[in-house]
Amino acid sequence: MKNAVNWFEIPVKDYDRAKQFYATVMGSKITDLPMPEDNMKYGVFEYDEDNNGVGGAIIEGEGQNPTTDGATIYLNGGENLDIALNKVEANGGKIMMPKTDIGQFGFIAQFLDTEGNRVALHSIL
């Protein structure tokens, strides 16, 4: 096993709003993969499929409920966490834990997205 996590899904209530938020904050394209048979909207974050990169998506549909409870997903904050973190509140999110030094492992921060999910960022700088 190369990675402890293979895939993640972030539940959303307003797909278009969440897609705009994450695309802007993460500076990443989100590719639509609708699932009309399940009446779900699904958008995949960019990731390195060729090198077993860990990917994930936002998902809107029945039973997909944003939450501040449960597992914490750490998204890649890039080379400098400040770049993504500075976009959170300007795009409708709220910083829950500011950039925090975790020593040799870099930096982390947590935010509340536009949908009500607690999500985190990690970076080396």
Side-chain angles (χ1 to χ4, degrees):
M1 177 170 52
K2 197 169 199 173
N3 298 305
V5 175
N6 290 329
W7 193 261
F8 64 86
E9 294 176 336
I10 299 173
V12 304
K13 290 297 182 189
D14 183 325
Y15 179 83
D16 294 326
R17 177 179 62 203
K19 180 180 177 183
Q20 178 65 38
F21 175 81
Y22 281 104
T24 302
V25 169
M26 301 306 298
S28 173
K29 181 179 176 187
I30 295 177
T31 302
D32 295 331
L33 292 175
M35 298 182 198
E37 65 279 359
D38 296 326
N39 200 28
M40 292 189 171
K41 295 180 181 177
Y42 202 79
V44 177
F45 289 90
E46 288 181 295
Y47 71 103
D48 188 353
E49 293 179 70
D50 297 331
N51 293 304
N52 291 328
V54 175
I58 56 173
I59 181 170
E60 177 189 310
E62 187 176 335
Q64 301 299 321
N65 300 307
T67 185
T68 57
D69 300 327
T72 304
I73 297 170
Y74 280 82
L75 300 176
N76 185 342
E79 290 185 21
N80 186 338
L81 187 73
D82 292 327
I83 295 170
L85 195 58
N86 288 337
K87 297 176 185 176
V88 169
E89 292 187 342
N91 287 282
K94 180 180 178 188
I95 296 171
M96 305 295 287
M97 177 177 61
K99 182 177 178 179
T100 303
D101 188 334
I102 55 172
Q104 69 184 27
F105 301 108
F107 296 87
I108 59 173
Q110 292 187 3
F111 63 88
L112 191 65
D113 71 8
T114 55
E115 308 310 296
N117 292 298
R118 179 179 46 88
V119 180
L121 295 168
H122 173 261
S123 73
I124 300 304
L125 299 176

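The figures that follow rest on heavy atoms only: side chains count, while hydrogens, waters and symmetry mates do not.
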What side-chain donor-acceptor pairs closer than 3.5 Å can you find for residues 96-103, not counting sequence neighbours?
unit_1	atom_1	unit_2	atom_2	d
Lys99	NZ	Asp82	OD1	3.4
Lys99	NZ	Asp82	OD2	3.1
Thr100	OG1	Pro98	O	2.7
Asp101	OD1	Gly103	N	2.6

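- Within the 3.5 Å criterion, the main-chain N or O of Ile95 finds a donor-acceptor partner in the side chain of Glu89.
- No hydrogens or angles considered: nothing links the side chains of Tyr42 and Asp32 as a donor-acceptor pair under 3.5 Å.
- Counting heavy atoms from C-beta on, the side chains of Asp113 and Ile10 come closer than 4.5 Å.
- Taking the six-membered ring for Trp and the full ring otherwise, Phe8 and Phe45 have centroids separated by under 6.0 Å.
- Atom CD in Gln20 sits 9.0 Å away from atom CD1 in Ile30 (nearest 0.5 Å).
- The shortest side-chain heavy-atom distance between Val119 and Leu75 falls under the 4.5 Å cut-off.
- At least one donor-acceptor pair closer than 3.5 Å links the side chain of Asp48 to the backbone N or O of Asp50.
- Residue pairs satisfying the side-chain hydrogen bond (donor to acceptor under 3.5 Å, both in side chains) criterion with at least one member in residues 60-77, sequence neighbours excluded, are listed as follows: Lys13-Asn65, Thr72-Arg118.
- Under the 4.5 Å side-chain criterion, counting only non-hydrogen atoms from C-beta, Ile58 is not in contact with Phe21.
- Using a distance-only test at 3.5 Å, with no hydrogens or angles considered, no donor-acceptor pair links the side chain of Ser123 to the main chain of Gly77.
- Here the side chain of His122 pairs a donor or acceptor atom with the backbone of Phe105 at under 3.5 angstrom.
- Contact of the Leu85 side chain with the Leu121 side chain is registered, since non-hydrogen atoms from C-beta on lie closer than 4.5 Å.
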